[in-house]
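Naming convention: chains lettered A, B, ... in sequence-line order (proteins, then strands); numbering from 1 in each chain.
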2 protein chains.
Amino acid sequence: MGCVNASDVSWGAPRAERADAARNRRLLLATAREMLAESGPDRLTMDALAERSGLGKGTVFRRFGTRAGIFQALLDDSERGFQEQVLSGPPPLGPDAPPRERLIAYGQARIRFLLEHREIARHSIDGRQNVPTGTQTPLSRAHIRMLLGRIPLGAADLDLLAMQLTAALDAPLLLYVSASALDAAADRAERRLTSGWRDLVDRVCRP
Amino acid sequence: MGCVNASDVSWGAPRAERADAARNRRLLLATAREMLAESGPDRLTMDALAERSGLGKGTVFRRFGTRAGIFQALLDDSERGFQEQVLSGPPPLGPDAPPRERLIAYGQARIRFLLEHREIARHSIDGRQNVPTGTQTPLSRAHIRMLLGRIPLGAADLDLLAMQLTAALDAPLLLYVSASALDAAADRAERRLTSGWRDLVDRVCRP
DNA sequence: CGTGGAAACGGACTTTACCCCGTTTATCTG
DNA sequence: CAGATAAACGGGGTAAAGTCCGTTTCCACG
């Protein structure tokens with residue numbers, strides 16, 4: 001837990017982020033959340049964000065690269081707490097639970113998380129690039145991969161299987177089910193996706 | 001097969017597409033393909049497409065709605081042949097094969113198709129909207145759904161399972177595996193995804 | 001402290017997606 | 001064949017994304 005954070009002597013390779021840059025990133029994320037809460041994702045433009053933060057547009061773009069990048073950063077940020085639950089929280093989500101149960105619990109938690117942040121998650125997808133490296137899904141994938149490694153499955157391409165399961169978990173919420181349908185019946189959707197995930201995992205993990 | 005095509009007396013509800021509109025759509029798609037072949041997807045801008053087609057910008061937008069819409073239309077168009085193979089071609093892809101084998105064959109064919117059209121497929125994703133209704137994936141989903149219905153699976157939410165499998169099939173190519181990785185080793189990727197799909201279907205379909 | 005160089009900043013500039021609405025054209029009806 | 005009507009067209013206009021590069025700020029090191 002209290003081991004290594006960004007401001008430590010952790011410079012293994014790059015050179016730690018400059019102080020002003022870090023401050024501005026926090027400021028930008030905070031401002032973005034405000035704007036999001038006030039007027040929804042569509043009004044969150046790069047120009048507006050820059051102006052409202054009192055920063056230049058160039059800064060916003062260097063930090064996030066692209067519009068979708070802002071949403072990725074926001075999602076990433078929101079995910080931190082969730083990640084801690086997964087890595088060191090209580091079972092069945094955290095360690096000290098049998099891997100198959102952890103896998104099911106993980107899916108349930110992720111579904112809830114994505115539902116809760118569906119707007120942001122939706123907007124974090126950028127057709128020009130594949131899903132962001134170093135954020136959201138890769139961690140999902142890595143975690144699922146790790147759990148699969150501890151479940152007795154016959155010979156199998158575990159990396160690929162992890163990717164397939166990640167897709168089965170995320171894509172419905174990110175791509176397939178319409179946003180309006182989710183808004184209309186979020187509870188129902190959550191129950192359905194959750195039990196669907198359990199079924200899928202059950203099917204995949206046996207003999 | 002030769003039952004109902006767009007120009008028939010099929011006006012159940014809307015009013016068949018106007019002749020000039022149809023002609024222009026074909027022209028636009030053809031021009032888009034040319035431009036794509038010549039200079040890649042990034043140079044395919046709405047303005048350029050309009051000008052090169054000798055049409056107005058407004059026309060392009062009314063036809064396709066959005067930039068991603070062009071790529072969706074292109075993909076849809078390319079998919080027609082593929083769909084016929086699936087609906088009425090020879091087994092194991094077409095009818096007259098046991099459903100489990102058809103499902104596996106379908107996945108293999110779809111993987112090949114997406115790999116072949118990966119550029120277009122990538123660009124057809126629009127973060128603002130869920131995956132297009134009436135094209136590509138919905139058909140995938142419907143087909144998978146239909147096949148699942150004919151495979152003995154215990155009690156299961158078949159609609160959801162179909163969505164999960166569709167996601168597991170498409171998302172790796174659409175979202176997760178980087179375009180450059182695919183370009184670098186498309187053959188290897190195809191083999192891996194293909195056998196991964198077989199494994200997944202095997203796992204899912206056995207009580 | 002002072003300083004050199006790397007990193008971050010700012011905001012004008014360019015490009016592109018997307019909107020709007022007056023005008024033209026296809027098709028249907030009598 | 002003429003007139004009506006709804007659809008399609010055109011292309012200028014707007015706003016937002018993304019780029020560039022001269023200027024400023026940080027901070028490691030002396």
Fill in: Validation row: A:P90, A:Q85 side chains within 4.5 angstrom (heavy atoms)
yes
Fill in: Value in whole Å for how far the C1' atom of C:dC18 lies from CG of A:D42
13 Å
Response to the item:
Atom CZ of A:R23 and atom P of D:dT25 are separated, to the nearest Å, by 12 Å
Item to complete: Rounded off to whole Å, could you give me the CZ-to-C1' distance for the A:R25 and D:dC26 pair?
Response: 16 Å
Fill in: Sugar-phosphate, base or nothing in reach of A:A19, heavy atoms under 4.0 Å
sugar-phosphate
Worksheet item: When the distance from CD of A:E51 to P of D:dA16 is rounded to whole Å, what number comes out?
Response: 12 Å
Fill in: Strand-adjacent residues in residues 52-70 of chain A, judged by heavy atoms under 4.0 Å from DNA chain C
A:L55, A:G56, A:K57, A:G58, A:T59, A:R62, A:R63
Worksheet item: Do the ring planes of A:F113 and A:F82 sit parallel (below 30°), tilted (30 to 60°) or perpendicular (above 60°)?
Response: parallel
Item to complete: Salt-bridge test for B:R198 and B:E101: reply yes if a basic N is under 4.0 Å from a carboxylate O, no otherwise.
Response: no
Item to complete: Using a strict cut-off of less than 4.0 Å between a Lys/Arg side-chain nitrogen and an Asp/Glu carboxylate oxygen, indicate whether B:R25 and B:E17 qualify as a salt bridge.
Response: yes
Worksheet entry | Where B:Y176 and A:R141 come nearest, the two heavy atoms and their spacing | CB-NH1, 3.5 Å
Fill in: Donor-acceptor pair present, A:R18 side chain and C:dA8 base, under 3.5 Å
no
Worksheet entry | Residue pair A:R118, A:D183: steps toward the side chain to side chain contact (heavy atoms under 4.5 Å, CB included) verdict | CA-CA 9 Å; A:R118 67 203 114 157; A:D183 289 339; 2.9 Å; yes
Item to complete: Find the distance B:D126:CG to C:dT16:P and express it as a whole number of Å.
Response: 18 Å
Item to complete: Let me know the distance between CG of B:D20 and C1' of D:dA6, rounded to the nearest Å.
Response: 12 Å
Item to complete: Give a yes/no answer on whether the side chain of A:N24 brings an N or O atom under 4.0 Å of OP1 or OP2 in C:dA8.
Response: no
Worksheet entry | Distance, rounded to the nearest Å, where A:D47 contributes CG and D:dT14 contributes P | 16 Å
Worksheet item: Is there a side-chain contact between A:I70 and A:R63 (heavy atoms, below 4.5 Å)?
Response: no
Response to the item:
Rounded to whole Å, the CG-P distance (A:L49 to C:dG10) equals 12 Å
